Each structure stands twice: as C-alpha cells, then as structure tokens.
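Reviewing the structure listed below.
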Amino acid sequence: MILSSVIIVLGEVLEVAILISLFLALIFRFKISYAWLIESLIIGCMGAIFYASYFDTVSQWFDGFGQEVVNASIQLGIYICLVLFNTLIYISRHDQLITKYLQWIMALSIILAITREGAEIFLYISGFYSSELLMMPVITGSILGGSIGLSLGILIYYTFTNMADRTSLYIGYSLLLFVSAGMILQAVRLLIQIDWLPAQEIIWDVSDWLTESSVTGRLLYTLMGYEATPTLIEIQFYIAAILGVLLATGFSQYFISKKSSGH
Amino acid sequence: MTPRNIFIVILLHLSLSQSVVADTPKFTIEIKNHLFYPAEVIIPARKKVKLIIFNRDKTSEEFESYELNREKIIMGNRKGVVFIGPLEPGEYPFFGEFYPETALGKVIAR
C-alpha cells in the first residue's frame, strides 16, 4: 500500500512541482519577485479541497462526463496561461505593469494545476479514512511521495539557477514549450475518452521501446505528454499547441524589436 | 482567422458529426471489493466501444490504463463511462489506480 501511495502522490505533486520550478527558474533571470507563490499555493489547496468535495456533483455534469470536461478545461486554462507567460515575459523587461500581469498568470496556472492534481490526492486519501489498517501506510506513502516530488522540484530549480543565463533560458523555455503541449495532449485525451473528439486508430506504437508505465515513461509523460501510441488527432493538436507557443513568442520578440527600434 | 483556428474548427466539426452515429457496442464492468468483474472484457477489434464501469464499493476508484490511454475517477456507488478503441487485436491491461494490488483487468480485442 505504501508504494502505490508514493507513486500516486508523487505523480500528482511532480506535475505541479515542475510547473512551479520552471516558472521560478525563468523569472529568476528577469528578477521578478516570488511573493505571489505562497498565496497561490494556499488558494490552490483550497481549490483542491473544494473540487474534491464537489467531485461527485461535477462528475454528473454533461451526462456523466463532467470530470473530463472540467479537467480538460483546466488543462486548456493552464496552456493559455503558459502561452501568455511566454508572450509577456520578454516584454516584461520594459514594463512594470506587465510584470504584475505575469505574476497573476503564474499564480492562476499554479492554482489551476493544484486544484486538479490536489483534488485527486484528496479523493485518494479520503477513501482510506474509515480504514484504520490502511490509513497509516497511505498517509506515510503520501507524505513520502509528496516529499520526493517537492525535492525534485527544488532540484530542478537549483539546477537552472546555477546554469549560465543563456543556457538556462534556452532549456527552461524549451521545457515550458513541451509542458504546454503536454497540457493540450492531456485535454485531447480526455475529450477522446468521452467521444467529444473522434476516436482513431493509432499511428505508431513505440511501447516496445519505452512503455508509458515505466519510470522514464511516466516522467516524460509529465514533462512533455509522452504517448507511446498516439492517434492522428493527438499528433495534430500537439503540433498545433507547440506552434501556438512559438507564434506567441515570435510575436513578443517582434513587439520588442519594433519598440526598441522606434526609440 | 488563422489557419490553425480554421483547422481546429474543422476538427471539432468532424468530431461532432461522428458522435451522432450511435451504434456503439456497450460493455459493462463492475468493481466489487477492489476487484474487477469480469477481469477480462472481450470486445470487437477495430471498433469504438462504450465501457460502462459500475463501482459497487463505497470508496472511489480510478480506472486507469496506459495501453488504452484512459483515466477516470469513479466515486463510490457510482458509474462511469469511457469510450475505447478502435483497437488492433490484442490485450490491453487496465487497473484501479487507488487499489493497484487487487484491481487488475484487461480488455481483449478480437
């Protein structure tokens, strides 16, 4: 029981931890304050408790597909935040107000991520509430899993902040690109699951090479939405999601160059 | 409208028109004492299938499968529906993520 609790909680915490550490590592280079983080964590946890308590009701929405619709919307919301983040972060050097917006965007994405992932943890743990025998191992495993996830997040943060400026921006930015596309892929998978997007036959199968259930597979799934057996629509949305971020960045670069040449 | 938006609109349209076709075969699974009944579900290959999962336990369970790319939390004494396929012939394991030691099963596409 301990091991499965570690795995579940680690998986959920890691998704949020990677997002937070990437944000912090990137804004570290832009000297933006971290003050928004504590509030976001607290509001996120409140959101998670709220979502978990109404999970039964939410699940009944849309003919029993409420869970998928809400979760896909949350993933889409985080994607939009990440696109805005990428667009604004390069302009922020020139503008105090935009820095303020950036903090709101980061806060919102973290609140959304914790609400979704945290609710799953609450639902999982609450299932053992009445079982004296299993409660202790589940709590122990969950604390272990949470701590490992947190430590990995801190490790990522310090790895980035100790790199050279250019390298860390380059890698951090690329990682954020794949994390964003992973959000869209998760949303697409949920919509296929409820038949709102078409079910198709798989295009390729690389599960002999790397299964999604392996540690590496799970880590890559969290980092970039690794999918061993994608369908065409999943690949299309994944590429579209990456293009969306690149276009947004391109736009902000153009905006900066125009602004600086105008002066 | 950017080409990407047009593309998404076309895709959404495709998905809506597909959903109208309603002759999807249905299969039922039950969760009891953190076990799946039946533990093996035989479905037609290369066909989209509707899987209805009744959770007869008081505790919630997450139906999860890496091979099928599905994950859905089903609260205690509730049912959940997931669509799977079209699948190539073969075996596709699934499990209950909250009780992975006992809640194990597989979909067999023939």
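Not measured: the values here are computed from a predicted model. All values below were derived from every heavy atom in this structure, side-chain atoms included, with hydrogens, water molecules and symmetry-related copies excluded.
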Legend entry - Least distance between heavy atoms, B/Leu87 atom then B/Ala109 atom: CB-CB, 4.1 Å
Inset, instruction - Against chain B, label A/Ile192 side chain, backbone, both or neither, depending on which of its atoms sit under 4.5 Å from a heavy atom there. - result: both
Legend entry - Interface moiety of B/Arg78 toward chain A, non-hydrogen atoms closer than 4.5 Å: side chain
Legend entry - Backbone of A/Leu210 reached by a side-chain donor or acceptor of A/Tyr226 within 3.5 Å: yes
Inset, instruction - Name the region of B/Pro100, side chain, backbone, both or neither, that has any atom closer than 4.5 Å to a heavy atom of chain A. - result: side chain
Inset, instruction - Could you verify whether a donor N or O on one side chain and an acceptor N or O on the other, from A/Asp205 and A/Ser207, lie under 3.5 Å apart? - result: yes
Legend entry - Candidates A/Gln75, A/Glu234, A/Glu227, A/Glu68 - the one meeting side chain to side chain donor-acceptor pair (under 3.5 Å) with A/Arg189: A/Glu227
Inset, instruction - Could you go through the salt bridge (Lys or Arg N to Asp or Glu O under 4.0 Å) check for A/Asp195 and B/Lys48 one step at a time? - result: CA-CA 9 Å; A/Asp195 205 24; B/Lys48 185 171 70 189; 2.9 Å; yes
Legend entry - Interface moiety of A/Gln200 toward chain B, non-hydrogen atoms closer than 4.5 Å: backbone
Legend entry - Region of B/Lys72 that comes under 4.5 Å of a non-hydrogen atom in chain A: both
Legend entry - Heavy-atom proximity to chain B below 4.5 Å, by part of A/Gln67: side chain
Inset, instruction - Determine the option with the most heavy-atom pairs under 4.5 angstrom with chain B, choosing from A/Glu212, A/Glu201, A/Gln193. - result: A/Gln193
Inset, instruction - Pick one of side chain, backbone, both or neither for A/Tyr129, based on which atoms fall under 4.5 Å of a heavy atom in chain B. - result: neither
Inset, instruction - With the side chain counted from C-beta on, respond yes when B/Val81 and A/Ile194 share a heavy-atom pair under 4.5 Å apart, and no when they do not. - result: no
Inset, instruction - Give, as side chain, backbone, both or neither, the part of B/Glu61 having an atom under 4.5 angstrom from any heavy atom of chain A. - result: neither
Inset, instruction - Mark yes when over 12 heavy atoms from residues, nucleotides or ligands other than A/Met135 sit less than 6.0 Å from its CE; otherwise mark no. - result: yes
Inset, instruction - Check the angle between the aromatic planes of B/Phe36 and B/Phe94 and answer parallel, tilted or perpendicular using the 30° and 60° thresholds. - result: perpendicular
Legend entry - Residue B/Glu101 versus chain A: region with a heavy atom under 4.5 Å: side chain
Inset, instruction - For chain A, find which of B/Glu88, B/Glu71, B/Arg46 contributes the most heavy-atom pairs closer than 4.5 angstrom. - result: B/Glu71
Inset, instruction - Output the option from A/Leu123, A/Asp56, A/Thr231 having the highest count of non-hydrogen pairs under 4.5 Å with chain B. - result: A/Asp56
Legend entry - Proximity breakdown for A/Thr229 and chain B, heavy-atom pairs closer than 4.5 Å: both
Legend entry - Aromatic plane relationship, B/Tyr99 with B/His34 - under 30° parallel, 30 to 60° tilted, over 60° perpendicular: parallel
